[in-house]
Visitor: 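Sharing a structure, written as structure tokens. Questions coming.
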2 protein chains.
Amino acid sequence: MALRHAVLAALLDRELSGYQLAKAFDLGVANFWHALPQQLYAELTRLEQDGLVTGRDVPQETRPTKRLFRVTDAGLAELDRFAAAASKPSFLRDDLLVKIQAADHVAVGPLIEQLTDRAAFARAKLDLFEQLLRTMRGDRTEEEFLRHGERVGPYLTCLGGITYERGNRDWCERVLAVLEERQALGART
Amino acid sequence: MALRHAVLAALLDRELSGYQLAKAFDLGVANFWHALPQQLYAELTRLEQDGLVTGRDVPQETRPTKRLFRVTDAGLAELDRFAAAASKPSFLRDDLLVKIQAADHVAVGPLIEQLTDRAAFARAKLDLFEQLLRTMRGDRTEEEFLRHGERVGPYLTCLGGITYERGNRDWCERVLAVLEERQALGART
DNA sequence: CCTCCGTACTCATCGATGTGAATAGTCAGA
DNA sequence: TCTGACTATTCACATCGATGAGTACGGAGG
């Protein structure tokens, strides 16, 4: 049950509404976890029932009233407990990998298309993440920021996202090169 | 529902029993998917009902009778259909990442321990995967094998596993260096 | 005026995944 | 001889995560 703790971690820096959280956890930004709005609203409700976050209603003039949440002391304690417990190892779990495993027995055209898309997606996320890092460290160098910055957690997870997406991009490019060359060779025979 | 297709892809090369599949999908080897024995037995039952695999009983002298499964033509067609459909993007989903996000608000000792373990785990998997690649390509060079080998899918997914674990290892080491330096600086103040 | 987009949230359901326990025989080592 | 590990599989349950639909309001653009 890490969604719970991902939400707590996301609320450490600032109060957020379910809607804002949902944007932070969606496709574009999620650098350390991913979840859909419905899951987040449900989790926030449970967290509040358990006293780990508190919400307050904020009426707005033109927009519907929103509910901002912040972490309680109990929430912080729970997060600390979670951080100290052993992590289960993370596994690669990716449809595309399954398809590539079967590459010799299925049509390669669609695979090439999907690998191209995936590589483009990885490049887009890399750009986004690198922009994010620049924003976080401001005018300091990375070394300087990581040594003395007061909030480095999000920076480190963003580095994780970059490492992951770089891997993604490189692997896609490698596989593309192989499949395309094999396709060219096969076509000639 | 990719477990279904992961099982089909795993059965492409050779007949396997549920038990053998379970070993292939467990911690050590799973280079393209991970699943527990119970899921696999359940999935095999469903796959057989749907006519995508067929099983045959193989009595053994000293061991209990096992049931070996192979992919049917319908299974192959289903796999092809799956490979041609769009993949949902894969997301990083890792407890440890959540913990690092909260690094500035929780005890760092346990984090350092977990990062060390994770890095060691990644190194172990890298060794394993590199051994696997050598076995698959035999005495050919990688380029030669990938150009002309007849079954490169598993090799390519294994390369994916290597890329992923290399990223894991590098990121863990980077984060370790940062957290340890900050701990040392903090202790001095 | 009408439609679409953005904010803000809820409900319901399904399939995927994880956990725990049970059975039952063989083999190797202390 | 007892213990634990390995082969081989099944059942039941709980929780997690994904998907689709639905509500309600306001503002922008054609």
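Computed from a predicted structure; not experimentally measured. Below, read A as the first sequence line, B as the second, and so on, with proteins coming before strands; counting in each chain starts at 1.
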Visitor: How do B:Glu43 and A:Gln20 order along DNA chain C: which one's closest nucleotide is nearer the 5' end?
Guide: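 Taking each residue's closest nucleotide, the earlier one in sequence belongs to A:Gln20.
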Visitor: Does any non-hydrogen side-chain atom of A:Leu3 lie less than 4.5 Å from one of B:Val98?
Guide: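 Of all side-chain heavy-atom pairs linking A:Leu3 with B:Val98, none is under 4.5 Å.
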Visitor: For every nucleotide of nucleotides 17-25 of chain C, 5' to 3': is a protein heavy atom under 4.0 Å from its base (B), only from its sugar-phosphate (S), or from neither (-)?
Guide: SSBB-----
Visitor: Specify the separation, in whole Å, of atom CZ of A:Arg4 and atom P of D:dG17.
Guide: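 So the two atoms are 12 Å apart, to the nearest Å.
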Visitor: Under 3.5 Å, side chain of A:Thr157 to main-chain N/O of A:Phe32, donor-acceptor pair present?
Guide: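 No; zero donor-acceptor contacts below 3.5 Å.
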Visitor: Using whole Å, what does the distance between atom P of nucleotide C:dA8 and atom CG of A:Leu16 come to?
Guide: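 Rounded to whole Å, this separation is 12 Å.
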Visitor: With A:Lys66 as the cation and A:Tyr19 as the aromatic partner, state whether NZ or CZ is under 6.0 Å from the six-membered ring centre and within 45° of the axis.
Guide: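 Not satisfied by the 6.0 Å and 45° rule.
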Visitor: Which angle, to the nearest 10 degrees, lies between the helix axes at the two ends of the helix from C:dC1-D:dG30 to C:dA30-D:dT1, each defined by five pairs?
Guide: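 Between the axes fitted at each end of the helix from C:dC1-D:dG30 to C:dA30-D:dT1 lies an angle of 30°.
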Visitor: Quick one: sort the A:Tyr164 and B:Tyr164 rings into parallel, tilted or perpendicular, breaks at 30° and 60°.
Guide: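 The rings of A:Tyr164 and B:Tyr164 stand perpendicular, inter-plane angle above 60°.
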Visitor: Take atom OH of A:Tyr19 and atom C1' of D:dT23, then tell me their distance rounded to the nearest Å.
Guide: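 For the pair A:Tyr19 OH and D:dT23 C1', the rounded distance is 15 Å.
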Visitor: Could you tell me which residues satisfy salt bridge (Lys or Arg N to Asp or Glu O under 4.0 Å) with A:Glu78, sequence neighbours excluded, listed by chain and number?
Guide: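 Testing A:Glu78 for salt bridge (Lys or Arg N to Asp or Glu O under 4.0 Å), a comparison that skips the adjacent residues, returns A:Arg81.
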Visitor: Over 60° means perpendicular and under 30° means parallel, so tell me whether B:His5 and B:Phe82 are parallel, tilted or perpendicular.
Guide: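 Geometry flag for B:Phe82 against B:His5: parallel rings.
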Visitor: Check the pair B:Arg134, B:Glu142 against side chain to side chain contact (heavy atoms under 4.5 Å, CB included), reporting the backbone distance first and the verdict last.
Guide: CA-CA 9 Å; B:Arg134 273 193 295 275; B:Glu142 181 162 299; over 6 Å; no
